[in-house]
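Written out below as structure tokens is the structure these notes cover.
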Amino acid sequence: MARISDQEIRNNIDKAADSPIMSGVHYGHDYPDQACFILRHGTLVSGGIGFWFEKNTVAVLQLMLGKCASDNFQAMVLEAGLVLVLPGEYKYIIYNDPTESQEEILADLREVFGFDEG
């Protein structure tokens with residue numbers, strides 16, 4: 001699987017915005033406590049607190065990764081360098097060493113919002 005940039009992920013989210021599976025999924029830099037993914041350079045991808053229970057997360061991730069997607073959720077997360085955030089549980093999951101930008105957001109999640117690694 002080819003490595004994908006944060007910009008490519010944002011472009012793919014924009015392209016798939018009208019897809020029903022992407023309803024409510026957006027990116028930005030506000031509300032880290034509502035994020036579902038943290039991209040390498042600190043962009044937050046949000047989908048609401050019910051994201052992990054109401055969405056087909058593999059399909060969402062496949063649309064986000066476009067031509068770099070596969071059927072393996074964990075492989076896609078690793079390849080894209082994502083940090084997973086579970087807002088309803090106040091947990092985050094790190095598969096790779098976080099980048100400096102990701103670590104700054106994780107520090108906010110821990111210190112301001114009470115999140116723990118899960």
Side-chain angles (χ1 to χ4, degrees):
M1 192 180 320
R3 204 144 173 79
I4 186 168
S5 72
D6 286 12
Q7 184 61 52
E8 288 174 289
I9 292 172
R10 289 190 301 267
N11 290 346
N12 289 338
I13 291 172
D14 290 341
K15 287 178 198 172
D18 292 334
S19 171
I21 194 76
M22 295 298 281
S23 175
V25 176
H26 60 279
Y27 62 87
H29 294 280
D30 297 324
Y31 308 108
D33 60 318
Q34 297 175 19
C36 298
F37 300 107
I38 305 171
L39 305 184
R40 284 188 193 100
H41 296 294
T43 300
L44 306 170
V45 177
S46 300
I49 289 178
F51 175 83
W52 294 108
F53 307 105
E54 298 169 4
K55 295 278 187 194
N56 178 339
T57 53
V58 171
V60 169
L61 198 50
Q62 287 171 330
L63 287 173
M64 287 172 52
L65 299 187
K67 66 180 187 262
C68 297
S70 73
D71 290 330
N72 184 315
F73 183 83
Q74 188 170 349
M76 289 189 289
V77 169
L78 286 167
E79 192 59 36
L82 304 175
V83 172
L84 305 183
V85 182
L86 310 170
E89 298 179 24
Y90 291 88
K91 301 277 183 200
Y92 57 86
I93 300 171
I94 302 171
Y95 287 96
N96 293 313
D97 290 334
T99 64
E100 186 175 322
S101 296
Q102 288 171 324
E103 188 52 54
E104 289 172 10
I105 294 167
L106 292 172
D108 283 346
L109 288 174
R110 286 189 299 270
E111 296 165 13
V112 177
F113 299 104
F115 278 65
D116 292 316
E117 187 169 355

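Numbering starts at 1 and runs along the sequence shown.
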Taking atom CZ of R40 and atom CD1 of I9, what is their separation to the nearest 0.5 Å? 6.5 Å
CE-CD1 distance between M76 and I4, expressed to the nearest 0.5 angstrom: 11.0 Å
Using modelled atom types only, decide if a donor and an acceptor are shared between the side chain of E111 and the backbone of D108 within a distance under 3.5 Å. no
Can you name the closest pair of heavy atoms from [X] and [Y] and give their distance?
X	Y	result
V25	I21	CG2-O, 4.5 Å
Q102	G81	NE2-O, 2.7 Å
N12	G66	ND2-N, 3.5 Å
G42	D6	N-OD2, 4.3 Å

Look at atom CG of D18 and say whether more than 12 heavy atoms of other residues, nucleotides or ligands are closer to it than 6.0 Å. no
For atom NZ of K91, is the number of surrounding heavy atoms from other residues, nucleotides or ligands below 6.0 Å larger than 12? yes
Kindly write out the residues that satisfy salt bridge (charged side-chain N to carboxylate O under 4.0 Å, His left out) with E103, not counting sequence neighbours, or none if the list is empty. R110
Evaluate the ring planes of F37 and F73, with Trp represented by its six-membered ring, and classify them as parallel (under 30°), tilted (30 to 60°) or perpendicular (over 60°). tilted
Output, in order, the C-alpha distance, side-chain angles, deciding distance and verdict of side-chain hydrogen bond (donor to acceptor under 3.5 Å, both in side chains) for S101 and E104. CA-CA 5 Å; S101 296; E104 289 172 10; 5.3 Å; no
Using a side-chain heavy atom cutoff under 4.5 Å and only I, L, V, M, F, W and Y, what cluster partners does V112 have? I38, L44, V83, V85, Y90, Y92, I94, I105, L106, L109, F113, F115
